**Student:** 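One structure is given below, represented as structure tokens, and several questions about it will come after.
We use all heavy atoms of the structure for the numbers below, so side chains are in, but hydrogens, waters and symmetry mates are not. Order of listing sets the numbers, starting from 1, for every ligand and every atom in it. Everything numeric here is computed off the predicted structure, so don't read it as measured data.
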Amino acid sequence: MARKSAYNFPVIREAIGHADALYGFKSGFDRESLALGLKSGGFWPGNIDKGLTNHQSTVFLFDADSGRCRAAVGGNLLTALRTAAASAVSIKYLARPDARVLGMIGAGHQSTFQLKAALDQRPFEKVIGWNIEPAALERLASVAKERGLPFESVDLDQLGRQADVIITITSSFEPILKAAQVRPGTHLACMGTDTKGKQEVEAELVAAATVFTDEIAQSITIGEAQHAVGRGLLSADGIVEIGAVINRTDPGRRSDDEITLFDGTGVGLQDLAVASAVVDLAVARGIAIDVDL
Ligand code: NAD
């Protein structure tokens, strides 16, 4: 994306007027890997009562030379993996090298994937967590235990005081974490806000941070930065796409004291990249199912 050889097409997301569902698709094309396709799905709030995950998605890949369908891949697990990978990449490139305490806000479906991927990025010595319903933190505690790390349930003041890296992964529509609660030098990966109106951290905190994102167009419309930009506290020009840091055209973190914030909104190219890798693996292992359309 940062080299402009891969791009996302405009996102479609519609309330379909049935089953309270939000349905849409994210699509794009990568001219280098030739990944072409879309992820289609959305949010069905009644699914939980049917024993199904509320978020449902399927990725369709197409042959870039012929337009023929190459593969259909279940997207639920892949979404969790690619979202956790995006957050982990932000920690790899933006967190201070001496980060040792990881703070988690949110303990839903995505949170354990987030925690596992983050723990590989620094030699973390402790995990702390906050969730609106504290009982759900048990699932994060058990991941920490598997990795031999202590886990502590904390309030938001303690979380901000202790954590070097904070991941937010909730479906909140109100700011949870405030600017005054976060220490200089902290890296935040804000991963839950992917829709207009959602919000996990105070706009003042976004404004006080150096802001990075996967895609600026999404960050300012459906991402965490939408509120700071909407209130005139942050300009879109001040946001850096993380691809520039990875490709070394932007230095990333400028000092040990600065707060870095990654606004992970989730782009279609992530879905295509991870689905393509999985299809290649399945073909190589002989477990892909061949279907004549
Ligand atoms: P989930 O429903 O399993 O968990 C939701 C979490 O948010 C729980 O911890 C819940 O306690 C918490 N929460 C709900 N309302 C809250 C509130 N008002 N205040 C504080 N906490 C609240 O959802 P999930 O699958 O874990 O997804 C979490 C979020 O991540 C969702 O908003 C989802 O849309 C988003 N998401 C983003 C991406 C991306 O690419 N950025 C990808 C997948 C999911």
Side-chain angles (χ1 to χ4, degrees), residues 1 8 11 13 20-26 28 39-49 51-57 59 75-90 103-118 129-141 143 153 155-156 159 166-178 181 188-202 212-215 217-226 242 261-275:
M1 281 171 62
N8 296 293
V11 174
R13 199 163 163 92
D20 283 332
L22 280 176
Y23 165 79
F25 39 93
K26 288 184 167 179
K39 178 168 88 169
S40 181
F43 186 72
W44 272 259
N47 275 5
I48 197 100
D49 300 332
L52 298 169
T53 310
N54 286 353
H55 287 94
Q56 289 292 329
S57 65
V59 181
N76 295 358
L77 173 63
L78 295 189
T79 297
L81 293 174
R82 66 80 150 142
T83 307
S87 161
V89 165
S90 85
M104 299 290 304
I105 295 183
H109 178 66
Q110 306 289 328
S111 66
T112 53
F113 295 91
Q114 290 283 327
L115 176 56
K116 286 177 191 167
W130 178 91
N131 194 54
I132 197 164
E133 293 153 1
L137 289 169
E138 199 42 53
R139 49 160 63 114
L140 296 179
V143 172
S153 163
D155 65 29
L156 291 165
L159 189 133
I166 299 173
I167 297 176
T168 62
I169 185 73
T170 72
S171 44
S172 174
F173 281 80
E174 299 289 338
I176 300 168
L177 193 65
K178 310 287 188 310
Q181 290 168 318
L188 291 116
C190 297
M191 304 305 297
T193 297
D194 56 358
T195 304
K196 197 169 162 36
K198 281 189 187 171
Q199 185 171 14
E200 300 192 283
V201 305
E202 214 176 34
F212 300 83
T213 188
D214 39 24
E215 189 179 78
Q218 288 199 174
S219 171
I220 63 175
T221 50
I222 59 169
E224 194 61 44
Q226 63 180 289
I242 194 153
L261 186 150
F262 176 65
D263 184 4
T265 64
V267 295
L269 283 166
Q270 290 172 302
D271 299 304
L272 302 186
V274 73

**Student:** Checking T83 side chain against A80 main chain: does a donor-acceptor pair fall under 3.5 Å?
**Tutor:**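 Flag not set: sc T83 to bb A80 has no pair under 3.5 Å.
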
**Student:** Using side-chain contact (heavy atoms from CB on, under 4.5 Å) as the criterion, list what pairs up with Q226, not counting sequence neighbours.
**Tutor:**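 Testing Q226 for side-chain contact (heavy atoms from CB on, under 4.5 Å), a comparison that skips the adjacent residues, returns T193, K196.
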
**Student:** So, using side-chain contact (heavy atoms from CB on, under 4.5 Å) as the criterion, who are the partners of D20 when residues are at least two apart?
**Tutor:**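 Residues passing side-chain contact (heavy atoms from CB on, under 4.5 Å) with D20: P45.
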
**Student:** Could you pull out every donor-acceptor pair under 3.5 Å between side chains of residues 263-273 and any protein atom, sequence neighbours left out?
**Tutor:**
{"unit_1": "D263", "atom_1": "OD1", "unit_2": "E224", "atom_2": "N", "d": "2.9"}
{"unit_1": "D263", "atom_1": "OD2", "unit_2": "S219", "atom_2": "OG", "d": "2.7"}
{"unit_1": "D263", "atom_1": "OD2", "unit_2": "E224", "atom_2": "N", "d": "3.1"}
{"unit_1": "D263", "atom_1": "OD2", "unit_2": "A225", "atom_2": "N", "d": "3.0"}
{"unit_1": "T265", "atom_1": "OG1", "unit_2": "D214", "atom_2": "OD1", "d": "2.6"}
{"unit_1": "T265", "atom_1": "OG1", "unit_2": "D214", "atom_2": "OD2", "d": "3.4"}
{"unit_1": "T265", "atom_1": "OG1", "unit_2": "Q218", "atom_2": "NE2", "d": "2.8"}
{"unit_1": "Q270", "atom_1": "OE1", "unit_2": "V267", "atom_2": "N", "d": "2.8"}
{"unit_1": "D271", "atom_1": "OD1", "unit_2": "K39", "atom_2": "NZ", "d": "3.1"}
{"unit_1": "D271", "atom_1": "OD1", "unit_2": "R82", "atom_2": "NE", "d": "2.9"}
{"unit_1": "D271", "atom_1": "OD1", "unit_2": "R82", "atom_2": "NH2", "d": "3.3"}
{"unit_1": "D271", "atom_1": "OD2", "unit_2": "R82", "atom_2": "NH2", "d": "3.0"}

**Student:** Once you restrict both partners to nitrogen or oxygen, which atoms of ligand 1 have a protein partner under 3.5 Å, and how far apart are they?
**Tutor:**
{"unit_1": "ligand 1", "atom_1": "3 (O)", "unit_2": "H109", "atom_2": "N", "d": "2.8"}
{"unit_1": "ligand 1", "atom_1": "7 (O)", "unit_2": "S171", "atom_2": "N", "d": "3.1"}
{"unit_1": "ligand 1", "atom_1": "9 (O)", "unit_2": "A107", "atom_2": "N", "d": "2.9"}
{"unit_1": "ligand 1", "atom_1": "9 (O)", "unit_2": "G108", "atom_2": "N", "d": "3.3"}
{"unit_1": "ligand 1", "atom_1": "9 (O)", "unit_2": "N131", "atom_2": "OD1", "d": "2.7"}
{"unit_1": "ligand 1", "atom_1": "11 (O)", "unit_2": "N131", "atom_2": "OD1", "d": "3.3"}
{"unit_1": "ligand 1", "atom_1": "11 (O)", "unit_2": "N131", "atom_2": "ND2", "d": "3.3"}
{"unit_1": "ligand 1", "atom_1": "25 (O)", "unit_2": "Q110", "atom_2": "NE2", "d": "3.4"}
{"unit_1": "ligand 1", "atom_1": "26 (O)", "unit_2": "H109", "atom_2": "N", "d": "3.1"}
{"unit_1": "ligand 1", "atom_1": "26 (O)", "unit_2": "Q110", "atom_2": "N", "d": "2.9"}
{"unit_1": "ligand 1", "atom_1": "32 (O)", "unit_2": "T170", "atom_2": "O", "d": "3.2"}
{"unit_1": "ligand 1", "atom_1": "32 (O)", "unit_2": "G192", "atom_2": "O", "d": "3.0"}
{"unit_1": "ligand 1", "atom_1": "32 (O)", "unit_2": "K198", "atom_2": "NZ", "d": "2.7"}
{"unit_1": "ligand 1", "atom_1": "34 (O)", "unit_2": "D194", "atom_2": "OD1", "d": "3.3"}
{"unit_1": "ligand 1", "atom_1": "34 (O)", "unit_2": "D194", "atom_2": "OD2", "d": "2.8"}
{"unit_1": "ligand 1", "atom_1": "34 (O)", "unit_2": "K198", "atom_2": "NZ", "d": "2.9"}
{"unit_1": "ligand 1", "atom_1": "36 (N)", "unit_2": "D194", "atom_2": "OD2", "d": "3.4"}
{"unit_1": "ligand 1", "atom_1": "40 (O)", "unit_2": "R82", "atom_2": "NH1", "d": "2.7"}
{"unit_1": "ligand 1", "atom_1": "41 (N)", "unit_2": "M191", "atom_2": "O", "d": "2.9"}
{"unit_1": "ligand 1", "atom_1": "41 (N)", "unit_2": "G264", "atom_2": "O", "d": "2.8"}

**Student:** Using a distance-only test with no angle check, is there a side-chain donor-acceptor pair under 3.5 angstrom linking S172 and E200?
**Tutor:**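 Their side chains do not contain a donor-acceptor pair, so the 3.5 Å distance test is not met.
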
**Student:** Parallel under 30°, tilted from 30 to 60°, perpendicular over 60°: which one fits the rings of F43 and H55?
**Tutor:**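 Aromatic pair F43/H55 classed tilted.
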
